[in-house]
Amino acid sequence: MAEDSCVAAWHGLLVAHSRLVPVVEADLRAAGQVPLSWYDVLLELSAAPGSRLRMSELGERVVLSRSRVSRVVDELAAVGGGGRQPQDADGRSSFAVLTPRGKDALRRAWPVYREAIHRHLAARLTARQCRELAALLERAVGYAEIGLPAKAGQ
């Protein structure tokens with residue numbers, strides 16, 4: 001019956017995502033902060049060397065589709081929060097870059113984002129449960145990222 005518990009875990013993950021993301025998004029919106037999709041892109045760019053990533057790398061790091069990543073970078077560029085820099089002389093590929101305005105938006109959104117996480121997740125789980133959940137999810141994602149099948153108990 002381990003397989004049934006895995007299906008239940010998967011279902012729980014999907015339900016948690018579908019319920020928690022919209023309420024965190026609503027908290028950011030209510031506080032006049034950047035949308036969650038923007039926050040995700042800004043955070044990855046902020047963590048990158050030189051505050052820039054190839055568009056393909058950015059697409060791999062964020063939780064958005066590649067086409068959505070491209071739209072978010074364009075939306076950020078329209079408001080001065082980010083932009084694109086050509087990578088090649090022919091301009092066929094580019095870097096997504098973080099601007100000072102984007103860094104400021106990320107800095108302002110972080111306290112609201114952190115509070116939303118605490119209000120909607122940490123209020124229901126203990127600190128220990130949060131650490132355990134993070135470790136379990138990191139382990140599950142780690143196997144998926146390197147393309148290896150995981151075996152129970154590893």
Side-chain angles (χ1 to χ4, degrees), residues 9-10 12-125 127 129-150 154:
W10 178 252
L13 179 63
L14 293 176
V15 170
H17 180 271
S18 72
R19 302 239 171 99
L20 292 172
V21 168
V23 296
V24 169
E25 177 79 48
D27 286 358
L28 286 167
R29 190 173 40 253
Q33 299 300 321
V34 295
L36 193 53
S37 58
W38 289 22
Y39 186 90
D40 190 20
V41 168
L42 292 170
L43 183 63
E44 291 300 334
L45 291 174
S46 176
S51 297
R52 70 184 202 157
L53 288 168
R54 287 182 185 88
M55 289 296 292
S56 59
E57 291 175 307
L58 182 59
E60 291 170 3
R61 292 183 184 198
V62 297
V63 295
L64 305 168
S65 70
R66 288 186 190 263
S67 62
R68 183 67 183 125
V69 169
S70 183
R71 285 193 302 270
V72 168
V73 170
D74 290 342
E75 291 166 2
L76 286 167
V79 299
R84 293 180 192 245
Q85 288 178 342
Q87 180 181 349
D88 300 326
D90 63 9
R92 288 188 300 165
S93 59
S94 61
F95 287 99
V97 297
L98 181 65
T99 65
R101 183 179 273 175
K103 287 180 185 179
D104 188 52
L106 183 63
R107 182 190 54 74
R108 286 191 324 271
W110 167 240
V112 176
Y113 186 51
R114 181 184 56 227
E115 177 56 32
I117 292 167
H118 282 269
R119 182 172 36 263
H120 300 296
L121 183 63
R124 292 167 175 80
L125 300 174
Q129 289 170 325
C130 287
R131 285 190 302 274
E132 290 170 353
L133 178 60
L136 290 168
L137 292 172
E138 183 178 329
R139 186 174 187 162
V141 170
Y143 281 109
E145 284 180 348
I146 60 174
L148 294 176
Q154 284 187 327

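Bear in mind that the values here come from a model prediction, so they are computed numbers and not experimental data.
Residues R84 and S70 bring a donor and an acceptor atom of their side chains to less than 3.5 Å of each other.
Across all non-hydrogen atoms, the minimal contact from G81 to L98 is O-CD1, 3.7 Å. Taking every heavy atom of both residues into account, C130 and A122 meet most closely at SG-CA, 4.4 Å. Closest approach of S18 to V15, counting heavy atoms only: OG-O, 2.9 Å. Here the closest heavy-atom approach between residue A109 and residue L28 is recorded as O-CD2, 4.1 Å. For the residue pair G83 and A77, the shortest heavy atom distance occurs at CA-CB, 3.9 Å. For the residue pair H120 and R124, the shortest heavy atom distance occurs at O-NH1, 3.0 Å.
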*How far apart are the C-alpha atoms of L13 and L137, what are their side-chain angles, what is the distance that settles it, and do they pass the side chain to side chain contact (heavy atoms under 4.5 Å, CB included) test?*
CA-CA 9 Å; L13 179 63; L137 292 172; 3.9 Å; yes
*Please assess R101 against D104 for the test salt bridge (charged side-chain N to carboxylate O under 4.0 Å, His left out), listing each intermediate value before the final yes or no.*
CA-CA 5 Å; R101 183 179 273 175; D104 188 52; over 6 Å; no
*Take R114 and H118 through the test side chain to side chain contact (heavy atoms under 4.5 Å, CB included) and record every step on the way to the result.*
CA-CA 6 Å; R114 181 184 56 227; H118 282 269; 3.6 Å; yes
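Scored by the side-chain hydrogen bond (donor to acceptor under 3.5 Å, both in side chains) test, E132 finds R128 as partners (sequence neighbours excluded).
Expressed to the nearest 0.5 Å, how far OG of S37 lies from CD of E75 amounts to 6.5 Å.
Sparse packing is recorded around CH2 of W10, with 12 or fewer heavy atoms of other residues, nucleotides or ligands lying under 6.0 Å away.
Taking 4.5 Å as the limit, every side-chain heavy atom of E115 sits out of range of all side-chain heavy atoms of D27. P35 has its side chain within reach of E25: a pair of non-hydrogen atoms, C-beta onward, lies under 4.5 Å apart.
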Please tabulate, for the side chains in residues 39-58, all donor-acceptor contacts under 3.5 angstrom to protein atoms that are two or more places apart in sequence or on a different chain.
unit_1	atom_1	unit_2	atom_2	d
D40	OD2	V63	N	2.8
R52	NH1	Q85	OE1	3.1
E57	OE1	R54	N	3.0

